[in-house]
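Structure first, commentary second.
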Amino acid sequence: MTPPPADVPARPDTAAAQDAPRYDFRAAEPKWQAAWDARRCFQVPDVPQDGRPKYYVLEMFPYPSGKIHMGHVRNYTLGDVVARYKRARGMAVLHPMGWDAFGLPAENAARERGIHPAKWTWDNIAAMRAELQRMGLSLDWTREFATCDPAYYGQQQKLFLDMLAAGLVERRESWVNWDPVDGTVLANEQVIDGRGWRSGALVEKKQLSQWFLKITQAAPDLLSALDGLDRWPDRVRTMQANWIGRSEGARLAFALTAAEGGIDSVEVYTTRPDTLFGMSFLAIAPEHPLAALVAARDAAAADFVAVCRSKGTSEAVIETGEKLGYDTGLFVQHPFDATQRFPVWIANFVLMEYGTGAIFGCPGHDQRDLDFARKYGLPVVPVVLPPGEDATRFAIGTRAHDGAGRMINSGFLDGMEPEAAKSAAIAELARLGAGEGVVNWRLRDWGVSRQRYWGCPIPVIHCDACGVVPVPRADLPLKLPEDVTFDRPGNPLDHHPSWKHVNCPSCGAAARRETDTFDTFVDSSWYFARFCSPHAAGPVDRAAVDHWLPVDQYIGGIEHAILHLLYSRFFTRAMRATGHLSVDEPFAGLFTQGMVTHESYRGADGRWLYPEEVTRAADGAASHVTTGEAVTVGRVEAMSKSKRNTVDPGAIIARFGADTARWFILSDNPPERDMEWTESGVAGAYKFTQRVFRLAEGLAEGLAETPDFAAMPAEFGPEARALRRATHRAIAAVTEALDGFAFNVAVARVYEFANAIGDAERAAATGSAGLDWARLEALRMLALLVAPMMPHLAEEVFARLGGSGLVAEQSWPVADPALTAAETVTIAMQVMGKLRGTVEMPPDSDAAAVIAAAEAEPNVVRALEGRRIVKRVHVPNRIVNFVVAG
RNA sequence: GCCCGCCUGGCGGAAUGGUAGACGCAGCGGACUUAAAAUCCGCAGCCCUUCGGGCGUACCGGUUCGAGUCCGGUGGUGGGCACCA
């Protein structure tokens, strides 16, 4: 075990400090967790009858990697604060937890270490569950499930068959990243610089027949319903809207001057039909059917297509790579002027998945087209003249002009603005029968087939006579075979000796099971619904989902802003269409948290070092704890295993306690921002847990007997009144902060409150009337206010102050407005917006009184000297501002 | 490349268009202690010589009596880009 860094206090359990009473979290945390458990504080029925309003809090469930990381601690702490707070506010809170348990890492572990994916996964779940339970989360563990359990994925298979029957599923060809050496499909993240991560082989695109969920059918609804998601962050809604990508444009056909293998025209989608007269070439995707025809007779074209194919399927790679083209020698005619001909190029930046897989190139007004035209010496004709430019001299340089202006060089469109020209061009295309105005969507159908073992089997059978036949429902769940090996490349399901060989349920002839499994995004697209009735015989219990859905507050990482959330929104619609639930949106409220970051460290030899291997001297110099060699402190960045800048939550909780970890993670900064984990921050949070405990002990020990909380004194002295004002202001402020997800502000208000209690403790010797009672009130309220954040400490303090029952079962306190009112307000006095002083006034003083007070202030008088007051601005209880002339 | 964020003292951050820097961390000074740790109290944006004044929320510009906050642009930095979860 490595010694603690120099700036962290000695281990609390061995620290000297015999004089100060110490909060023993090691005893308290398990004790209160057991107490909550015994009282089943956090369990709710599938269909409650007690009339409390429902509140469903959900954090994105974890992938069971084996250990929780700080991102989990942050996510589940945020959710737990909400759950505990809403429960205290009188709501029936559903707060479940489970495991997103299928996925690639389990197969990687199997290949690398020979562990079966199931054993690896279930062992990881057991370890992570224990860690989560030590955090003291208010979870209903009776609802726990893992997606790799047939009890879950069998229900998912039923949902799929329902969607198949409802016409929401389709089988078709699509392109995948193929590793020819490993004989396997690669995820984009497994393609590194165009090569397979394990084999190093050049990756190629390959076409496979795959299952698709028809999410594009829902595109208009998925887009328009975003408006109603008013408790989602705007940026997530914007990102989804852009992803769905509705655009208005034109679809038009360009006739080839000579037909190629039966193809006599190329269809193009464009959002800029107004710029058709600026065309200088036509470009098709390397996967376009016409490209294949050309490649069949032209070896150089075939080579070019093969090079493009080696780039993989990632859009980021395609769009950032060098723009390359191949001139096919073919020509198309301009739809408005058949005498004009343009070359047809195959271009690597044209995406087959978007529009029609072909574009017309207008270099003057599209940057990508311009880059391409400059590279290959194609003409650049400006057709939109920017305002203030001279048509006879305007030319495009290295920047395409995509802004406003008037049409030039454009025949019948000349003089129009682009918007009008779009309509006119579309009308003309329609008149000529060459094209039409269309709405296009960027969103593509959701390919759910994966050539992997550790996923939910797709429940269909392929029969030569009958085609695709669903697995009979009586045979569900269709379980994964357990006797699989990972000693050779490819999908173990595919080369299992017997699993895929079945008889056709329809005709009885020999047939083959589908050996693909579902994308793990399918598993996570309906788990929130299953949590409502995790033991139901069907996918969901209708009464349970009707009661609990939608999720009132969903919390997770911003990295899921698009795919997971969009797929879940689609799945909810598909489940409604197939009669499983009634809501149309799964998540009424969404909160996206930032990442947890840490400094990174490198030793003299360039190796990354773990934080516990590094110690910092007083001057900030870093060195290795054992060798003493100098350490380079690197950037603060997201915790990752490769940079070794991770901090193990298990170690933190063992050393400082769960409440300390929770408190620090909440206090550091606003939850939507990235937070930096620092050792001094944890130490500070730990000190505060002790301070709260000491404040409570200070009252309990300083008095012969604890005041009777039920008997409020008739009279309070000035100190007691001040404390009571602080107490009720803290209640109001913490409540407001929690409602607004401003947990760091809630923490700050608690600190202020604790400072006020400390002041009262020192004043206690004066014997101020009612002060002991006010201190008891303050400390009990403090316990209630910190309870969502530090639940164990809250219970301990509350119990020591004579509270009966559990804090977890107490109602949230309510501030008394009579006690929170201010006696005076501070009004800022400005001259021309510059602060010249402040004045104390009774609240809601009228303008004349405030202005008179300001004009009597020497500093203001000095600033006004020799100037004429033009205007006096008065904002009640805030400021007075003199506008002067001269 | 495209889409979306973020940028305030040494650090994390606070601030319905109305006193910028609450609160915490680190720091400095003091109390307590034989001493240290722990604890408690106080100070603290930068600059000018003080009463007082100037500057200051990445940078440039705009709207406003008044801008960290609203608008336009620039720079830096982070997330996503469809088979990682």
Side-chain angles (χ1 to χ4, degrees), chain A residues 7 9-10 15-20 60 62-63 65 100 103-105 176-177 185-191 233-236 238-239 241-243 245 313-321 323 349 353 367-368 371 442-444 446-452 519-521 524 557-564 566-567 592 594-595 597 620 637-638 667-670 672-676 678 680-681 683-685 687-688 690-691 694 742 744-745 747-752 755 758 762 826-830 832-835 837-838 859 862 870-873 875 877-884:
Chain A
D7 56 351
Q18 311 85 343
D19 49 340
M60 291 179 182
Y63 178 79
S65 58
D100 187 14
L104 271 179
V176 296
N177 297 311
V185 177
L186 297 177
N188 281 333
E189 70 151 17
Q190 296 173 326
V191 179
D234 284 341
R235 65 168 161 154
V236 174
T238 306
M239 285 159 85
N242 289 335
W243 185 261
T313 60
S314 158
E315 189 178 314
V317 169
I318 291 166
E319 295 226 8
T320 52
K323 290 174 182 56
F349 64 91
E353 292 86 3
Q367 192 61 43
R368 287 181 305 181
D371 296 343
R442 207 185 77 97
L443 183 66
R444 310 202 290 259
W446 176 13
V448 293
S449 297
R450 298 291 183 270
Q451 294 68 41
R452 320 246 178 243
D519 176 8
T520 56
F521 272 125
S524 56
I558 185 68
E559 67 274 17
H560 293 293
I562 297 175
L563 293 180
H564 162 61
L566 193 64
Y567 291 149
T592 52
M595 296 182 305
T597 66
E637 52 191 316
S667 67
D668 188 60
N669 67 349
E672 67 274 14
R673 276 196 224 172
D674 289 352
M675 78 161 283
E676 186 186 351
T678 60
S680 58
K687 283 197 294 189
F688 187 67
Q690 297 294 341
R691 179 153 179 242
R694 256 196 324 273
N744 58 321
V745 180
V747 166
R749 299 297 164 246
V750 169
Y751 274 118
E752 287 173 351
N755 289 340
R762 279 185 298 284
T826 309
I827 293 173
M829 298 178 292
Q830 300 178 342
M832 293 300 278
K834 279 192 185 296
L835 183 71
T838 60
N859 245 357
R862 194 164 32 231
V870 176
K871 190 174 169 187
R872 296 171 176 84
V873 180
V875 180
N877 300 327
R878 291 283 186 177
I879 60 136
V880 53
N881 185 20
F882 297 98
V883 184
V884 296

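All values below come from the heavy atoms of this structure, side chains included, with hydrogens, waters and symmetry mates left out. Each chain gets a letter, A, B and so on, in the order its sequence line appears, and its residues count up from 1.
- The side chain of A/Val745 lies closest to B/rA14, out of B/rA14, B/rC4, B/rC83.
- Of the candidates B/rC84, B/rA82, B/rC83, the closest approach to any side-chain atom of A/Leu563 belongs to B/rA82.
- The side chain of A/Lys687 lies closest to B/rC25 when the candidates are B/rG18, B/rC25, B/rC4.
- For B/rU19, there is no paired nucleotide, since no Watson-Crick or G-U wobble pair has both relevant distances below 3.5 Å.
- Across all strands shown, B/rU74 forms a Watson-Crick or G-U wobble pair, both distances under 3.5 Å, with B/rA58.
- Within 4.0 Å of A/Gly681, counting heavy atoms only, lies no atom of the nucleic acid at all.
- Both A/Ile562 and A/Pro105 sit near RNA chain B, but only A/Ile562 has its closest nucleotide nearer the 5' end.
- At a threshold of 4.0 angstrom between heavy atoms, the contacts of A/Ser667 with the nucleic acid are absent.
- The partner of B/rG68, taking Watson-Crick or G-U wobble pairs whose two distances both stay under 3.5 Å, does not exist in any strand shown.
- A/Arg872 comes within 4.0 angstrom of no nucleic acid atom, judged by non-hydrogen atoms across all strands.
- Applying the Watson-Crick and G-U wobble criteria (two distances, each under 3.5 Å), B/rG1 pairs with B/rC81.
- When heavy atoms are screened at a 4.0 angstrom cut-off, A/Ser314 is found touching the sugar-phosphate backbone but no base atom.
- A straight line from CE of A/Met60 to C1' of B/rA85 spans 11 Å, rounded to a whole angstrom.
- Going from atom OH of A/Tyr567 over to atom C1' of B/rC84 covers 13 Å, rounded to whole Å.
- B/rG68 and B/rG79: their P atoms are spaced 30 Å apart (whole Å).
- Nucleotides B/rG42 and B/rC25, compared at atom P, are 14 Å apart to the nearest Å.
- Look at the P atom in both B/rU69 and B/rC2: the space between them is 27 Å, to the nearest Å.
- Among the protein residues, A/Pro670 comes within range of the sugar-phosphate backbone only, with heavy atoms under 4.0 Å from sugar or phosphate atoms but none that close to a base.
- Considering only side-chain atoms of A/Arg235, the nucleotide from B/rA82, B/rU39, B/rC4 that sits closest is B/rC4.
- Of the candidate nucleotides B/rU19, B/rA82, B/rA85, B/rA82 has the atom nearest to the side chain of A/Leu443.
- Across all strands, A/Phe521 comes closer than 4.0 Å to base atoms (heavy-atom distances).
- With hydrogens and angles left out, the side chain of A/Arg452 and the base of B/rC83 share a donor-acceptor pair within 3.5 Å.
- At a threshold of 4.0 angstrom between heavy atoms, the contacts of A/His560 include nucleobase atoms, whether or not backbone atoms are also involved.
- Look at CD on A/Glu752: it is 12 Å from P on B/rA15, rounded to the nearest Å.
- Proximity of A/Arg762 to the phosphate of B/rC41: a side-chain N or O atom is located under 4.0 Å from OP1 or OP2.
- Of the candidate nucleotides B/rU19, B/rA22, B/rU39, B/rU39 has the atom lying nearest to any side-chain atom of A/Arg694.
- When every heavy atom of A/Ile827 is checked against every heavy atom of A/Asn877, the shortest pair comes out as CG1-C, 4.1 Å.
- Residue A/Glu672 is classed as having no contact, given no heavy-atom separation below 4.0 Å to the nucleic acid.
- Residue-level contact check: A/Arg878 touches the bases, meaning some heavy atom is under 4.0 Å from a base atom.
- B/rG13 has its base anti relative to the sugar, with a glycosidic angle deviating from 0 by more than 90°.
- The distance between atom CD1 of A/Ile558 and atom P of B/rC81, rounded to the nearest whole Å, is 12 Å.
- If you take atom C1' in B/rC41 and the same atom in B/rC51, they sit 28 Å apart, rounded to whole Å.
- Look at A/Arg450 and you'll find a side-chain N or O under 4.0 angstrom from OP1 or OP2 of B/rC83.
- Annotation: B/rA58 and B/rC7 have their C1' atoms spaced 6 Å apart (nearest Å).
- Taking the C1' atom of each, B/rG9 and B/rA14 are spaced 13 Å apart, rounded to whole Å.
- Comparing B/rG52, B/rC40, B/rC23 by their closest approach to the side chain of A/Asn755 singles out B/rC23.
- Contact annotation for A/Thr826: base contact, defined as any heavy-atom pair under 4.0 Å involving a base atom.
- Heavy atoms of A/Trp446 sit nowhere under 4.0 angstrom from any nucleic acid atom.
- Neither OP1 nor OP2 of B/rG52 sits under 4.0 Å from any side-chain N or O of A/Asn859.
- Each of B/rA14, B/rG1, B/rC23 was ranked by its minimum atom distance to the side chain of A/Arg673; first place goes to B/rA14.
- Nucleotides B/rG76 and B/rC70 place their P atoms 23 Å apart, quoted to the nearest Å.
- Comparing the same atom, C1', in B/rU33 and in B/rU39 gives a spacing of 11 Å after rounding to whole Å.
- Where A/Lys834 and A/Thr313 meet RNA chain B, the nucleotide closest to each residue was compared, and A/Lys834 sits on the side nearer the 5' end.
- Computed from coordinates, the A/Asp100 CG to B/rC84 P distance equals 13 Å when rounded to whole Å.
- Within 4.0 Å of A/Asn881, counting heavy atoms only, lies at least one base atom of the nucleic acid.
- The partner of B/rG42 is B/rC28, judged by Watson-Crick or G-U wobble contacts that both fall below 3.5 Å.
- Nearest nucleotide to the A/Asn744 side chain, out of B/rA82, B/rA14, B/rA85: B/rA14.
- As judged by a 4.0 angstrom heavy-atom cut-off over every strand, A/Thr320 is placed among the base-contacting residues.
- Residue-level contact check: A/Gln830 touches the bases, meaning some heavy atom is under 4.0 Å from a base atom.
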